[in-house]
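Contents: one structure, followed by commentary.
Only a predicted model underlies this, so the values are computations on that prediction, with no experimental measurement involved.
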Amino acid sequence: MNSIPLDMYDSVLELTVEITNATLAEDDALSQSLYLRLLIYYQEQIAAGRTHPFLTETVADYTDDSTEAMHYYKLALEQSHALGDSEPTQTIRIGIASKLLELGQREQAEAHLRDGRAEAIRRGDEFAVEEADLLLKEI
């Protein structure tokens with residue numbers, strides 16, 4: 001069951017498409033400005049009592065600083081666990097693993113990748129399985 005509020009999903013999708021397009025156009029100033037809009041939206045949702053792992057994970061995905069991104073990924077994982085077993089965590093775990101690899105922490109990265117990959121298989125998330133497999137090859 002997908003628990004992401006539709007208005008949140010739409011807002012995040014719009015912002016991330018704009019960030020991606022700015023990045024592809026190599027417009028760093030626009031990309032950074034749009035990332036700041038994503039952060040402001042995130043902070044507004046927190047202030048309104050509307051936290052969701054989807055939003056927190058997305059902020060992590062677009063955060064350039066690996067250490068800061070790890071903070072958001074770990075928070076997203078906590079938020080997912082608070083929502084129960086039906087809330088997926090495979091992409092969060094793979095994101096954590098990716099940042100751990102960047103930080104040179106291979107053993108921890110491998111553990112998160114294996115957990116994320118196993119969950120992706122259980123949930124039929126072929127894209128996440130492929131992503132995990134690619135990262136596992138780096139290890």
### Task
Go through the steps to decide whether Val129 and Gln90 satisfy the test side-chain contact (heavy atoms from CB on, under 4.5 Å), and finish with yes or no.
CA-CA 9 Å; Val129 171; Gln90 71 269 17; over 6 Å; no

### Message
What's the separation between atom CG in Leu101 and atom CD1 in Ile139, rounded to the nearest 0.5 Å?
### Response
5.0 Å

### Message
Which residues pass the side chain to side chain contact (heavy atoms under 4.5 Å, CB included) test with Leu24, not counting sequence neighbours?
### Response
Thr20

### Task
Enter the distance from Leu38:CG to Leu55:CG here, rounded to the nearest 0.5 Å.
6.5 Å

### Message
Between Gln108 and Ile96, is the side-chain contact (heavy atoms from CB on, under 4.5 Å) condition met? List the steps.
### Response
CA-CA 9 Å; Gln108 291 179 356; Ile96 288 172; over 6 Å; no

### Message
Any heavy-atom pair between the side chains of Tyr35 and Thr63 that's under 4.5 Å?
### Response
yes

#### Entry: Taking every non-hydrogen atom, the tightest pair across Ser80 and Pro88
OG-O, 3.6 Å

### Query
salt bridge (charged side-chain N to carboxylate O under 4.0 Å, His left out): which pairs involve residues 34-46, sequence neighbours left out?
Glu18-Arg37

### Query
How far apart are the closest heavy atoms of Leu113 and Leu135, and which atoms are they?
CD1-CB, 3.6 Å

### Task
Could you list the residues that satisfy side-chain hydrogen bond (donor to acceptor under 3.5 Å, both in side chains) with Thr16, not counting sequence neighbours?
none

### Query
When hydrophobic residues are tied together by side-chain contacts of less than 4.5 Å, even through go-betweens, does Ile40 share a cluster with Leu30?
no

### Message
Among residues at least two apart in sequence or on other chains, which ones pass ring-ring contact (aromatic ring centres under 6.0 Å, His included) with Tyr72?
### Response
Tyr42

### Query
Which ring-ring contact (aromatic ring centres under 6.0 Å, His included) pairs, counting each pair once, include a residue from residues 77-130, with sequence neighbours left out?
none

### Query
Is there a chain of hydrophobic side chains (I, L, V, M, F, W, Y, each step under 4.5 Å between heavy atoms) that links Val17 to Val59?
yes

### Query
For Tyr41, which residues count as a ring-ring contact (aromatic ring centres under 6.0 Å, His included) partner, sequence neighbours excluded?
none

### Message
By the side chain to side chain donor-acceptor pair (under 3.5 Å) test, which pairs, at least two apart or in different chains, include something from residues 126-139?
### Response
Arg117-Asp133

### Summary
Residues pairing under salt bridge (charged side-chain N to carboxylate O under 4.0 Å, His left out) where one sits in residues 97-110, two or more places apart or in two chains, turn out to be Lys99-Glu102, Glu110-Arg114

### side-chain hydrogen bond (donor to acceptor under 3.5 Å, both in side chains) assessment of Gln79 paired with Thr56
CA-CA 9 Å; Gln79 292 169 345; Thr56 307; 2.7 Å; yes

### Query
Under a 4.5 Å cut-off applied to non-hydrogen side-chain atoms, are Thr91 and Asp125 in contact?
yes

#### Entry: salt bridge (charged side-chain N to carboxylate O under 4.0 Å, His left out) pairs, two or more places apart, involving residues 46-67
Asp7-Arg50

### Query
Is it the case that one hydrophobic cluster holds both Leu134 and Leu136, taking links as side-chain heavy atoms less than 4.5 Å apart, direct or via other members?
no

### Query
Can you tell me if Ser33 uses its side chain to pair, donor with acceptor, with the backbone of Ala29 under 3.5 Å?
no

### Query
Backbone N or O of Ile94 within a donor-acceptor pair of the Ser98 side chain at under 3.5 Å?
no

### Query
Roughly how far, to the nearest 0.5 Å, is the CE atom of Met70 from the CG atom of Leu75?
12.0 Å

### side-chain hydrogen bond (donor to acceptor under 3.5 Å, both in side chains) against Thr89, all qualifying residues, sequence neighbours excluded
Arg93, Glu119

### Query
When clusters are formed by joining ILVMFWY residues with side-chain heavy atoms under 4.5 Å apart, either directly or through shared neighbours, do Leu15 and Leu6 land in the same one?
no

### Query
Can Tyr73 be reached from Phe54 by stepping across I, L, V, M, F, W or Y side chains whose heavy atoms are under 4.5 Å apart?
no

### Query
Who are the side-chain hydrogen bond (donor to acceptor under 3.5 Å, both in side chains) partners of Ser11, not counting sequence neighbours?
none

### Message
I'd like to check Thr23 versus Ile19 (side-chain heavy atoms, cut-off strictly below 4.5 Å). Are they in contact?
### Response
yes

### Message
Could you work out, with side chain to side chain contact (heavy atoms under 4.5 Å, CB included) as the rule, every residue matching Leu83, not counting sequence neighbours?
### Response
Ser3, His52, Pro53, Glu87

